[in-house]
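Taking it in order: structure first as structure tokens, then the write-up.
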Number of protein chains: 2
Amino acid sequence: MSKQQTEKEFLKAYNPNKYERPSVTADILVFTTIKDELYLLMIQRKSHPYKDCWAIPGGFVSMDETAKEAAIRELYEETSVKDVCLEQLYTFSKVDRDPRMRVISIAYIVMVPFEKLQFKSGDDAKNARLFLVKAQANNEFELVLKKKDKINAKCTTDFQKELDEKEEDFVLREKDLAFDHYEIIKMAIKRMRGKIKYSNIAFSFLNDLDDFTLTELRYIYDAINSQKADIGNFRRFIKREYEQKGFIVQNNSKRIERGRPATTYNWARERSLIFDE
Amino acid sequence: MSKQQTEKEFLKAYNPNKYERPSVTADILVFTTIKDELYLLMIQRKSHPYKDCWAIPGGFVSMDETAKEAAIRELYEETSVKDVCLEQLYTFSKVDRDPRMRVISIAYIVMVPFEKLQFKSGDDAKNARLFLVKAQANNEFELVLKKKDKINAKCTTDFQKELDEKEEDFVLREKDLAFDHYEIIKMAIKRMRGKIKYSNIAFSFLNDLDDFTLTELRYIYDAINSQKADIGNFRRFIKREYEQKGFIVQNNSKRIERGRPATTYNWARERSLIFDE
DNA sequence: GCAATAGTGTCTATAAGACACTATCCG
DNA sequence: CGGATAGTGTCTTATAGACACTATTGC
């Protein structure tokens with residue numbers, strides 16, 4: 001090979017199969033909130049390895065798509081959700097994390113309003129469920145499926161029937177999760193808690209950016225932090241950081257449910273600002 | 001295939017070569033500080049693609065190492081530096097980022113004291129240089145090689161001779177960098193500026209954790225933020241966040257150079273706390 | 001009126017920024 | 001003494017947390 005080779009010549013002669021290569025997958029952590037609780041979408045594996053264990057959804061990154069595009073595709077396949085923003089969490093590359101072969105996983109966080117989630121729990125190819133994320137000390141957590149909760153009520157799979165007949169809630173702990181998924185989820189929760197302080201990620205959980213109340217928004221903060229914020233201090237914080245700076249504006253209408261009607265707000269800037277890094 | 005297959009049988013029958021796979025590389029951003037300026041290690045490519053362009057070092061992740069281990073190995077090969085902490089920055093996966101083939105890069109940031117860097121600039125396989133990171137508005141930047149600076153003085157390559165004969169400094173801008181490396185560096189600078197506020201990453205630039213002055217530490221903050229901190233406010237900040245909490249402790253000896261001798265400090269906790277996430 | 005929810009006001013402690021001042025070395 | 005660098009003090013404003021209070025609805 002001459003040193004005076006042009007780039008074109010070089011590329012023609014280049015053999016891209018010289019080295020063995022790992023598989024690359026995109027994993028997605030689909031979080032949602034209901035009231036002031038945080039939920040995570042998990043699927044039950046129907047095949048080896050970790051058959052019957054619960055895992056976060058994911059799939060191989062194909063040659064003609066970015067990792068993010070793969071995550072978006074997977075997300076759509078699992079939940080019919082489109083047009084959401086994803087945040088890259090971390091890339092996991094332990095050599096033995098998958099017993100089949102070398103797999104490197106790029107994990108993404110996606111935050112979806114519960115109302116937009118059409119998770120395909122009826123799909124008999126696999127069980128998909130929203131697990132309550134029950135925070136414990138030190139960023140540890142449990143994933144809980146409440147007996148006869150309304151959230152996964154539509155599910156009519158064998159698994160659901162079994163669960164309904166049991167005496168207690170169904171609880172997943174570290175050892176019950178497939179692969180290194182406990183570690184991934186733990187990191188995701190930590191990341192969300194970190195980012196909620198200085199970014200607007202909480203707004204990505206709102207069902208309607210044109211019509212939300214400060215209480216709805218506070219519940220989202222409470223869900224992620226798993227603690228109840230002081231009402232007065234929270235309002236002051238949102239008004240200073242978002243209303244005074246023109247990101248959110250009051251609507252004319254009020255939300256009437258029980259108690260005093262609530263002022264509703266709308267996000268006044270480009271929607272793409274939500275969840276921008 | 002029977003549904004009653006055991007995991008062992010499954011793994012035996014599994015064919016891991018079903019899908020085409022991308023190559024995976026680990027790229028490292030080696031930052032260092034001199035006085036209150038930030039420098040980045042770049043290498044000049046000796047082969048296609050982007051022959052003669054400047055790039056951040058990197059290499060393929062092999063099948064028996066994690067991405068982080070690959071980064072550590074690369075780092076050692078380039079700079080003889082060992083025992084440093086790396087921070088995973090981001091994984092870049094655009095389909096066409098490398099014209100040879102599909103390459104996904106996991107980028108790592110490493111912060112090294114200048115004194116510990118033995119960068120192999122004499123190695124005639126490639127030029128390696130420390131570029132001054134010259135910040136501009138909006139997280140943009142230029143990489144500058146000053147004519148006849150002392151930092152890269154040991155270099156005797158053809159490139160250096162050429163540079164010495166020129167009239168002006170050698171400046172790299174976005175278009176002068178290989179692949180998507182401008183974007184990567186930009187993100188790295190942003191990340192460091194974000195993390196320096198609430199983490200102890202600045203300490204990882206200190207040459208001697210058992211003997212440093214607050215002025216040395218302030219210079220590191222200035223280098224990353226590319227602005228000069230107020231001396232009094234900075235001291236108050238460090239004393240509150242680090243001395244009062246017992247992370248750093250005053251030494252008995254003083255550092256005597258010019259002017260009033262400076263109190264030296266040492267990091268009093270486990271060293272592994274430096275740069276922990 | 002009462003339960004329920006929305007929303008305000010106030011007090012305190014802490015933190016961030018601007019900036020003037022003092023201290024201690026060398027030569 | 002003066003130049004150089006280290007280190008202190010003070011004033012102002014912004015922010016965070018605790019917590020008591022008022023407002024507006026339906027029934």
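Reminder, nothing fancy here: chain letters follow the sequence lines and each chain counts from 1. Because only heavy atoms are used, hydrogens play no part in the values below, and waters and symmetry mates are left out as well, while side chains stay in.
For A/Arg240 against A/Gln244, the heavy-atom pair with the smallest separation is O-CB, 3.6 Å.
D/dT8 atom C1' lies 12 Å from atom CG of B/Asn233, rounded to whole Å. In this entry the distance linking CD1 of B/Ile231 with P of C/dA16 reads 18 Å, nearest Å. In this entry the distance linking CD of A/Gln250 with P of C/dG7 reads 8 Å, nearest Å. With rounding to whole Å, A/Lys254 atom NZ is found 14 Å from D/dA23 atom P.
For the pair B/Glu168 and B/Lys147, the salt-bridge criterion is not met [side-chain N within less than 4.0 Å of a carboxylate O].
A donor atom on one side chain and an acceptor atom on the other are found under 3.5 Å apart for B/Glu140 and B/Tyr182. Judged purely by distance below 3.5 Å, without hydrogens or angles, the side chains of A/Lys254 and A/Thr263 pair a donor atom with an acceptor atom.
In this structure, B/Arg240 reaches the sugar-phosphate backbone alone: every heavy-atom distance under 4.0 Å involves primed, P, OP1 or OP2 atoms, never a base. Residue contacts for A/Thr215: at a heavy-atom cut-off of 4.0 Å it reaches the sugar-phosphate backbone alone, with no base atom in range.
In this structure, the nucleotide among C/dG17, C/dG7, D/dA16 sitting nearest to the side chain of A/Arg236 is D/dA16. Distances were taken from every side-chain heavy atom of B/Asp230 (C-beta onward) to each of C/dT10, C/dA18, D/dT8; the shortest belongs to C/dA18.
Contact check of residues 259-267 of chain A against DNA chain C (heavy atom, cut-off under 4.0 Å) returns A/Gly259, A/Arg260, A/Pro261, A/Ala262, A/Thr263.
None of A/Glu37, A/Arg193, A/Lys134 except one satisfies the side chain to side chain donor-acceptor pair (under 3.5 Å) rule with A/Ser226; the exception is A/Arg193.
Here B/Arg258 does not reach the OP1 or OP2 of C/dC26: none of its side-chain N or O atoms lies under 4.0 Å away.
The aromatic rings of B/Tyr221 and B/Phe234 stand perpendicular to each other, their planes meeting at an angle above 60°, with 30° marking the opposite boundary.
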